[in-house]
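Working notes for the structure below.
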Amino acid sequence: MPKYLINFVQQYPSFRIHELESVARIFNIDVQYNKDDLEFIESLDPEIETPFLYITVNSEDDIKKICSRSVLIKSIYSVWAESTLLEGILDELHNKFDKKFLSNYMVDKTFKIDVESYGSKYNQKEKLEMMFKLKDTPLWDNGKCVMHPTEEQIDKHILWCILTDFGVERQGLVKDFAMLPRKVYFGQKIAKGNRDDIIKYNLSDRKYLGTTSMDPELSLISANMGLVKKGHFVLDPFVGTGSFILVASHFGAQTVGCDIDIKAMRKEEDCNLETNFRDHGLTSQFLGTILCDNSCPPWRWNSMFDSIVTDPPYGIRAGAKRVGYKENRKYVPVPEGLRRDHIPQCIDYSVPDVMADLLELAAKTLVVGGRLVYWLPTTPDYKETDLPRHPCLRLITASCLQILTNRWGRRLVTMEKILEYNHSIHNKSLLVQEDLGQVDPQHKDLRAVVFWRKMGSNEKSKKKEQKKQSVEKHLKEKTKNNNADVKNSNNNNENNTENQE
Amino acid sequence: MKILTHNMMACTKKQCMGKGFPLKVECTEQIVLEQEFNYEFTKNIYPKLDWAGIAEISKKFNIPIQLDTTKHSLEDEEFLKTLHSLLCNLKVITGSLTCPNCQRVYPIDKGIPNMLLREDEIYQDIKE
């Protein structure tokens, strides 16, 4: 099986391998890689981290398929030679390949050479120097250099690449100390990752937006983790402005969304969730939205959704709400005539309850093998037992972490339904805490963690208060003195006028 | 609300669990969309449908469709096309849904069904 080199994008290192595996599963591709390399791929330590990973797959077509979906892959190369120096690459090309093979390889083909680097940058002159060094190899005996291949040429166009890996921790030092790269690779670029879709669904180009609209890159990753593909049926129970179902529709699924807040889904007649679908030409992939409360969902309890992809409210930007009586209110039935347009009272919906209901919904309505993908807020105190669980669902991964501040971040949790829901066994009242997870979870009261400055009195804010008071006191005294000065000067003036008279 | 959504829905009350469907449709405004036939999706959704709901809709909107599930075949493209156009092309804009079990009426406005219960109904649910 041929070996290929992946160059991942720099951000979200903990998502890389999970997205790759999910995308491979969408196309039923068998991907093999060395498990020991994962440590470097997922590491946050600049000393050892690297975005390069070797994988083996069956064919080049598989690589192209993977690249058509994965957003965390920059490009994939088939490597011809690797070394720690550019000169080493020339030696390896000579040793590894037959001269005849090299000189015949480019017959009737066009090519272009690129120089790419990680952790450093080359200017045009340096790039050209590197390219000219390659001239010694017989690879360039044939073939024509073309910068912009025409459509007829594109099948026989080869993109050669010199890839240098300096590592991110040496950034800036490279030029001054003439440091050597960690690795230099030379090979063919097979395909580019699906970064274009991020631009296509850019938030600033989207007409209808909300405060909680999800970043397109993360939406695409979530859809990939949910194995969304053509012909699927996808639900987002906390749809908001519909970022997830928009990209799910882009991947060919039919989508439906629910929300408790009608204003989140449609603000105006000509600017709402549906017009976003129209703008992207996806109306035929959109089934509609339902106004409902997720604590009592409006579904027939049957396996029907292929995936549920969602970002539940966790009370930081959007507070979670459910229909119910506020405390200290009397029971007053709604008058008959006002019932149609009645907007019910809402009470807070605690995050552990949101998660428990979401998992129950997934257990009941997903098909077996279908995936539930959701974002869970976490703090550094996160532990495995915080995660909600359900006997019908199996955890695939919860290690994808987006760090937002040093106090909190959010995890992309992926689960798979493994068992059909049976009301007599999986009824909520029959399950114990151990089955449901969330043992004293850290996401129980997240507001206190995120808005710690505003909550409670801590020393810093006290000091600030004192400083503020002293400044005010000082200002008051100053204005008093000023007033006195003005009075004195007035008196002086009067005296002067008297003297003149 | 497209008919497929209707087919997947049920009354939200806890007391109606397992009995609150198919919801009875009243429709004052509807549109018929023209969309391409989606074979993969129709095939995927076919085993998940509630045929009592399809029967209800076909009677309501006078759309003839073969309801005897034993005679259906996934190879019969004509049948799948009719099914797809019934499920995805017909859209109810204004109207209401009624639960066959508790007779609760859910309004549909601007194509969005309002499945929210009133706070006192939730209160009743908890009491029961």
Side-chain angles (χ1 to χ4, degrees), chain A residues 229-233 235 252-254 256-262 265-266 269 272-274 283-306 322-326 329 331-334 338-347 364-365 367 423, chain B residues 1-14 16-18 20-23 33-45 47-50 52-53 87-89 91-92 96-97 104-126:
Chain A
K229 62 179 175 191
K230 205 176 170 203
H232 269 194
F233 191 19
L235 166 74
Q254 293 278 338
V256 61
C258 297
D259 209 302
I260 195 170
D261 187 3
I262 187 82
M265 295 188 284
R266 64 178 302 128
E269 199 64 39
N272 57 45
L273 206 153
E274 222 176 323
T283 321
S284 62
Q285 305 289 345
F286 175 59
L287 283 169
T289 48
I290 299 171
L291 179 64
C292 71
D293 177 358
N294 231 25
S295 58
C296 20
W299 306 110
R300 185 155 65 75
W301 296 126
N302 193 4
S303 312
M304 47 200 176
F305 298 113
D306 296 291
R322 55 181 287 178
V323 176
Y325 266 113
K326 284 188 178 128
R329 287 240 190 152
Y331 167 66
V332 187
V334 184
L338 296 175
R339 286 197 174 179
R340 193 186 158 94
D341 292 328
H342 175 67
I343 295 171
Q345 274 177 39
C346 287
I347 52 169
K364 283 176 172 174
T365 59
V367 296
H423 192 70
Chain B
M1 183 196 72
K2 286 183 183 171
I3 299 306
L4 179 59
T5 326
H6 164 261
N7 201 281
M8 296 300 169
M9 280 192 324
C11 181
T12 57
K13 284 196 181 177
K14 295 232 161 39
C16 296
M17 207 160 92
F21 65 90
L23 296 163
L33 307 164
E34 271 183 37
Q35 283 169 4
E36 241 175 77
F37 172 54
N38 186 339
Y39 176 70
E40 272 135 328
F41 181 65
T42 319
K43 212 172 138 185
N44 177 8
I45 210 73
K48 304 164 185 171
L49 292 172
D50 169 36
L87 292 173
C88 298
N89 286 353
K91 198 173 168 186
V92 180
S96 66
L97 298 166
R104 164 70 153 96
V105 180
Y106 299 95
I108 305 173
D109 263 324
K110 291 172 185 165
I112 302 177
N114 180 352
M115 303 302 284
L116 290 179
L117 293 173
R118 292 189 310 276
E119 52 274 39
D120 51 306
E121 284 168 315
I122 298 239
Y123 185 70
Q124 280 168 10
D125 250 11
I126 294 165

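Chain A is the first sequence line, chain B the second, and so forth, proteins listed ahead of strands; every chain is numbered from 1.
When heavy atoms are compared at a cutoff of 4.5 Å, A:His232 approaches chain B by way of both its backbone and its side chain. The contact between A:Trp299 and chain B is made by backbone and side chain atoms together, counting heavy-atom distances below 4.5 Å. When heavy atoms are compared at a cutoff of 4.5 Å, B:Leu116 approaches chain A by way of both its backbone and its side chain. Only the backbone of B:Leu49 comes within contact range of chain A, with heavy atoms under 4.5 Å apart. Of the two parts of A:Thr365, neither the backbone nor the side chain holds a non-hydrogen atom closer than 4.5 Å to a non-hydrogen atom of chain B. Contacts between B:Ile112 and chain A at a heavy-atom distance below 4.5 Å involve backbone atoms as well as side-chain atoms. Only the backbone of A:Ser303 comes within contact range of chain B, with heavy atoms under 4.5 Å apart. With a threshold of 4.5 angstrom between heavy atoms, A:Val256 approaches chain B through side-chain atoms but not through N, CA, C or O. When heavy atoms are compared at a cutoff of 4.5 Å, B:Asn114 approaches chain A by way of both its backbone and its side chain. Proximity to chain A (any heavy atom under 4.5 Å) is shown, for B:Leu33, by neither the backbone nor the side chain. For a residue to count as touching a neighbouring chain, one of its non-hydrogen atoms must lie under 4.5 Å from one of that chain's; by this rule A:Asn302 touches chain B with the side chain only. Both the backbone and the side chain of A:Pro298 come within less than 4.5 Å of a heavy atom in chain B.
We find the CE-CG distance between B:Met8 and A:Leu235 to be 11.0 Å, quoted to the nearest 0.5 Å. Within the model, atoms SG of A:Cys296 and CE of B:Met17 stand 12.0 Å from one another, a figure rounded to the nearest 0.5 Å. With rounding to the nearest 0.5 Å, the separation of CG in B:Leu117 from CG in A:Asp293 is 7.5 Å. The distance from the NZ atom of B:Lys91 to the CG atom of A:Leu287 is 9.5 Å, given to the nearest 0.5 Å. How far CG of A:Asp306 is from CZ of B:Phe41: 8.5 Å, rounded to the nearest 0.5 Å. Here B:Asn44 contributes atom CG and A:Gln254 contributes atom CD; the two are 10.0 Å apart, rounded to the nearest 0.5 Å.
Summarising the geometry of B:Pro113 relative to A:Thr289, their closest heavy-atom pair is CD-O, 3.5 Å, with the distance given to 0.1 Å. Between B:Ile45 and A:Phe233, the shortest heavy-atom contact is CD1-CD2, 3.3 Å.
Of the listed residues (B:Glu34, B:Gln35, B:Glu36), just one forms a side-chain contact (heavy atoms from CB on, under 4.5 Å) with A:Ser284, and that residue is B:Gln35.
Not a single donor-acceptor pair under 3.5 Å links the side chain of B:Lys48 to the backbone N or O of A:Phe305.
Shown here are the side chain to side chain contact (heavy atoms under 4.5 Å, CB included) partners of A:Lys230, two or more places apart in sequence or in another chain: B:Glu40.
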B:Asn7 vs A:Arg300, side chain to side chain contact (heavy atoms under 4.5 Å, CB included): CA-CA, chis, key distance, verdict | CA-CA 8 Å; B:Asn7 201 281; A:Arg300 185 155 65 75; 3.3 Å; yes
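Among residue pairs with one or both ends in residues 105-114 of chain B, those qualifying as salt bridge (Lys or Arg N to Asp or Glu O under 4.0 Å) are A:Arg340-B:Asp109; sequence neighbours excluded.
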